[in-house]
Each structure stands twice: as C-alpha cells, then as structure tokens.
Amino acid sequence: IIRVQSPEGMKRITATKRETAATFLKKVAKEFGFGNNGFSVYINRNKTGEITASPNKSLNLLKIKHGDLLFLVPSAGPSAAMDTSGGQGPQTWSLAPVVEDEIDQYLSKQDGKIYRSRDPQLLLTRIT
C-alpha cells in the first residue's frame, strides 16, 4: 500500500514492488479521477523526484516501498485533462481567502510561554 497525497486528500493505492511505474500511475489516475497526463507524482513534497510513466522501471527500482508517501500535483491549466466523462472525479471549488480570528492572530504573535510568579506552597525544602 502506497499513500498518495493530493490537494483533494490522501488515498491509499495497493501496489506490489514488482509493479512498473506506468501501471502504478494508471492506478493513481483511476483512483483520483484524472485522465492521462493530468497530474504529476513526486517522491518529495518539494516537487523533486518525479515519477515518470516508465514501463521499464519497477517501484522497487525507484525505492518506493510499502507505506511510503508520495505527492500528487495536478497539472496547471483549467482543463488539466481531468476525466469528466462519468464517475466521481475530484471536486473543485473556489476557496475564499481565509481570515483568521482575532485571537488566533494575537496568539501567533506570542512566544508560547506562560508567565507566572512562584507559588510558595510548591517550593521544596531541603532536608538536612
């Protein structure tokens, strides 16, 4: 089981280590509802280590093993080659800018320490 994280959420894809990268990417496309070339899958979150649809490279050769987390990035562009011919494709909605609450803005500026005076009842005395 390989975990694939996308903007729509995380999904688990069942794959064997002998499976080729091309067949794995087809499974990912089917699971997320993308058409061919509508997305890219990366090994790292910072979009490095792209997995290409090579029929010659196995997941074992790419050092992808059970439990690994991969990152799916949809292709730029409005059409993005999404499969809209039926079934449940990824949902898209426009996101309004997030406005933080006043208390959240205040707390983000604090250093996180709790300042208080010493409690005389909690002081330990030395036994001599």
Side-chain angles (χ1 to χ4, degrees):
I1 294 179
I2 310 294
R3 299 173 297 152
V4 180
Q5 184 177 2
S6 77
E8 285 82 32
M10 186 179 308
K11 297 196 179 187
R12 291 177 175 90
I13 311 290
T14 304
T16 63
K17 61 182 178 181
R18 291 188 196 101
E19 193 168 296
T20 64
T23 56
F24 176 73
L25 290 176
K26 284 180 186 176
K27 284 183 179 181
V28 171
K30 182 180 177 186
E31 186 70 29
F32 283 95
F34 283 101
N36 292 335
N37 301 326
F39 64 95
S40 298
V41 177
Y42 298 95
I43 295 174
N44 302 313
R45 188 181 301 270
N46 60 357
K47 298 181 183 177
T48 58
E50 183 176 3
I51 299 172
T52 57
S54 171
N56 300 331
K57 291 187 179 179
S58 67
L59 295 180
N60 190 29
L61 188 64
L62 293 170
K63 298 189 170 132
I64 298 171
K65 56 191 178 305
H66 173 75
D68 280 356
L69 177 61
L70 302 178
F71 302 93
L72 181 140
V73 178
S75 295
S79 61
M82 285 190 186
D83 184 12
T84 57
S85 60
Q88 294 182 355
Q91 299 175 356
T92 57
W93 38 63
S94 60
L95 298 176
V98 177
V99 179
E100 288 185 334
D101 292 334
E102 185 178 325
I103 187 70
D104 291 331
Q105 292 174 359
Y106 173 77
L107 290 174
S108 68
K109 295 174 186 171
Q110 301 301 312
D111 62 359
K113 295 180 181 176
I114 299 173
Y115 296 99
R116 57 184 166 199
S117 59
R118 284 196 181 260
D119 187 355
Q121 293 179 351
L122 296 177
L123 293 177
L124 297 175
T125 58
R126 292 188 186 181
I127 300 175
T128 56

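Counting all heavy atoms, side chain and backbone alike, Leu72 lies closest to Pro7 at O-CD, 3.6 Å. Residue Ser58 comes nearest to Lys17 through the heavy atom pair CB-O, 3.7 Å, listed as atom of the first residue, atom of the second, then distance. Summarising the geometry of Leu70 relative to Ile43, their closest heavy-atom pair is CD2-CA, 3.9 Å, with the distance given to 0.1 Å. Nearest heavy atoms, Thr20 versus Pro55: CG2-O, 3.4 Å.
No side-chain donor-acceptor contact under 3.5 Å links Asn56 and Ser54.
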| request: Start with the C-alpha distance between Glu102 and Tyr106, add both sets of side-chain angles, then the distance that settles side-chain contact (heavy atoms from CB on, under 4.5 Å), and finish with yes or no. | output: CA-CA 6 Å; Glu102 185 178 325; Tyr106 173 77; 5.8 Å; no
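Applying the 6.0 Å contact sphere to NZ of Lys27 captures more than 12 heavy atoms from other residues, nucleotides or ligands.
The closest side-chain heavy-atom distance from Phe32 to Val4 is below 4.5 Å.
The NZ atom of Lys26 sits 7.5 Å away from the OG1 atom of Thr23 when rounded to the nearest 0.5 Å.
Taking the side-chain contact (heavy atoms from CB on, under 4.5 Å) definition, one finds that Lys65 meets it with Asp68, sequence neighbours left out.
Distance alone, capped at 3.5 Å, is enough to place a donor-acceptor pair between the Lys11 side chain and the Glu31 backbone. The backbone N or O of Lys113 sits less than 3.5 Å from a side-chain atom of Asp111, completing a donor-acceptor pair.
Met10 belongs to a hydrophobic cluster with Leu69, Phe71, counting contacts under 4.5 Å between side-chain heavy atoms of Ile, Leu, Val, Met, Phe, Trp and Tyr, direct or through other members.
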